[in-house]
Amino acid sequence: MSNSHSLKIYNSLSGKKEEFVPLEEGHVGMYVCGPTVYSDVHLGNCRTFVSFDIIYRYLRQKGYVVRYVRNITDVGHLTDDGEDRMAKGAKVARLEPMEVAQKYTVGFHELMQIFNTLPPSIEPRATGHIPEQIDMVQDIFSRGYAYERNGSVYFDTIKFAKENPGVYGQLSGRVIEDLLVETRDNLKSQDEKNHPSDFAIWMKARKEDLMVWKSPWSVGFPGWHLECSAMSTKYLGKTFDIHGGGNDLKFPHHENEVAQNVGACGCAPARYWLHTNMLLLNSRKMSKSEGNTISPFELFTGNSPFVSKGYDPMVVKFFMLMAHYRSTLDISDDALLAAEKGYRKIMETNRQLQAIAVNAADFDGSETDTDRKILSLIDDVFAGMDDDFNTAMAIASLNELGSYINKYVHQQIAANEIAPWVIERMKTVFSTVIFDIFGLRDETESGGDSGTMEGLMDLILAMRAKARENKDWAASDMIRDALAAVGIQIKDGKEGTRWEKIDV
RNA sequence: GGUCUCGUGGCCGAGUGGCUUAGGCACAGCUCUGCAAAAGCUGCUACAGCGGUUCGAAUCCGCUCGAGACCUCCA
């Protein structure tokens, strides 16, 4: 399903929307910073990965062959006390570091499946790319942007900034002069670094560090930031199309990443930088370290003081899609409730649409205003997606289409108002957008799980229909109420009774 | 303190110079219905405050107030 719009993407480097033109026609290389697997992923991470999943899916939908690389960081992050995070987790839990990493990697994958996201093309691990990272340190060294102190290697940001004007700070909007000024305040720092903005690209291990490797400088481990530079280069090339991640990674992580790549090869890594905005709880950023967080499973089960009930993962996903990925999104019970209704409605509309059997005899062959309006709305759906992946706009247009579908189904507009091929086109658009691009699942479908359930419900509804025929309202209502008590909602309609499982 | 973003109707949330009444939820009326639910239709016209630019601003500029993010690990 293609369309005529050109795709526009907001590029954090330039601060504006730009037309997307890949380096190599028909192909897109996209790198997204994945999770650090030293604890459970939280909902904020999910939003970012869901956003990029939709970007990935949409690029594919537009016909691009996409190589989507999303890493797993299982080494390299330092805690405040300088201890490797993985090692810290290991000591607390008395597990092998790799055991900790494995546990949370598996959990992360499960969650991504629950949200129905596609796996990336390549999911490299930092620990699996130590040689590549050592090579990159050497490249940076040979180009003069690194210095060694007691077995650790640091990136020389000041020298780099002077020799590469306009590069360091471009992404995050930082000013080099400010960096230079900072020096004075930090002179007394006992740090090994020449300058506070310098950062480690190789760290010499202390005796308590568990995850260590040999290098030309010391036995130690690579610095944070370096893994992404090394792995994106390895799998996507020195320069590639899209680099994504959460807003909070912009500085210092992404800024330093750019510096490392440019420092190592003289060329900029990504051409388009995309940053997703934060998911808020209580109007504050969700954060593991600050404890302001609700876990995905607490949200699914309702086991949290922040929500009145559990929400289906697809409802949570739909809730995320109702906002643009670059806006902050404040999670609240009311908003989730509204999203749940909206999600059910759009799924119901789709089912009604797919069930329409067009009768060619109803059609007189002319194109009506309604046809034109519908085609225009379909165009709006894709125009929204082409405008920096604006899912909120796409959903709005889908809802407007839904209004036509409902009027048609309820015979509030004449059958010959909409041409059969337009109906068919709507069917394709709905299923493509909802299932292929948004990656939603229809969890509201009647039955679904087993034929037994279907059969039982058919029986029960037949009994109720019989009771109603005999005007035995007591029996009829008893069945209705009893079903409601176990979470099954009865929907009486013109053509019979449908049912749906709802949360109690 | 420095850098930056945002402040939209009861709630969530798009939109960035003049036609979008965006959309969703809630609410009200109506249709349908044995009643109800569900479903459908219709209605509900906002853009923090002040000043400026402009023929015209929610949309551009300035100031004020408020919220948040980054500057330290964080999607």
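Labels below follow one simple rule: chain letters A, B, ... track the order of the sequence lines, proteins then strands, and each chain is numbered from 1.
Candidate nucleotides B:C12, B:G13, B:A75 were compared by shortest atom distance to the side chain of A:A323, and B:G13 ranks first. Side-chain proximity of A:T48 to the nucleotides B:G40, B:A75, B:C25 is greatest for B:A75.
Between the side chain of A:N247 and the base of B:G68 there is no donor-acceptor pair of N/O atoms closer than 3.5 Å. At a cut-off of 3.5 angstrom, the base of B:G34 holds at least one donor-acceptor pair with the side chain of A:S476. For A:D334 and B:A26, a side-chain-to-base donor-acceptor distance below 3.5 Å is absent, hydrogens and geometry of angles not being considered. With hydrogens and angles left out, the side chain of A:R480 and the base of B:C35 share a donor-acceptor pair within 3.5 Å.
OP1 and OP2 of B:C11 both lie 4.0 Å or more from every side-chain N or O belonging to A:S332. The side chain of A:N45 places an N or O atom within less than 4.0 Å of a non-bridging phosphate oxygen (OP1 or OP2) of B:A75. Distances shorter than 4.0 Å separate none of the side-chain N or O atoms of A:S397 from OP1 or OP2 on B:G23. Neither OP1 nor OP2 of B:A14 sits under 4.0 Å from any side-chain N or O of A:N390.
Of all non-hydrogen atoms in A:E19 and A:S6, the two that sit nearest each other are OE2-CB, 3.7 Å.
B:U31 and B:A39 make up a base pair, with Watson-Crick or G-U wobble contacts both under 3.5 Å. Across all strands shown, B:G17 forms no Watson-Crick or G-U wobble pair with both key distances under 3.5 Å. With a cut-off of 3.5 Å on both Watson-Crick or G-U wobble distances, the partner of B:U3 is given as B:A69. Base pairing of B:C63 is made with B:G49, judged by Watson-Crick or G-U wobble geometry with both donor-acceptor distances under 3.5 Å. Remark: B:C44 base-pairs with no nucleotide; criterion is Watson-Crick or G-U wobble with both hydrogen-bond distances under 3.5 Å.
One atom, CZ of A:F251, and another, P of B:C71, lie 8 Å apart when rounded to the nearest Å.
Across all strands shown, A:H253 has no heavy atoms under 4.0 Å from either base or sugar-phosphate atoms. Among the protein residues, A:Q352 comes within range of no part of the nucleic acid, since none of its heavy atoms lies under 4.0 Å from any strand.
Of the candidates A:R498, A:R480, A:R464, A:R464 is the only one forming a side-chain hydrogen bond (donor to acceptor under 3.5 Å, both in side chains) with A:D492.
When atom types are taken as modelled, the side chain of A:T36 and the backbone of A:Y38 share no donor-acceptor pair closer than 3.5 angstrom.
Using a 4.0 Å cut-off between charged nitrogen and carboxylate oxygen, A:R344 and A:D312 do not count as a salt-bridge pair.
Comparing A:T349 and A:A339 by the nucleotide of RNA chain B that holds the closest heavy atom to each, the one mapping nearer the 5' end is A:A339.
Applying the 5.5 angstrom centroid cut-off and the 30 degree plane-angle cut-off, the aromatic ring of A:W473 is stacked upon the base of B:G34.
Between B:C50 and B:A58, the two P atoms lie 12 Å apart (nearest whole Å).
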Check your understanding: Would A:E340 and A:K309 count as a salt bridge (charged side-chain N to carboxylate O under 4.0 Å, His left out) if you check the C-alpha gap in whole Å, the side-chain angles of each, and the deciding distance to 0.1 Å?
Key -> CA-CA 11 Å; A:E340 182 172 57; A:K309 50 170 277 195; 2.7 Å; yes
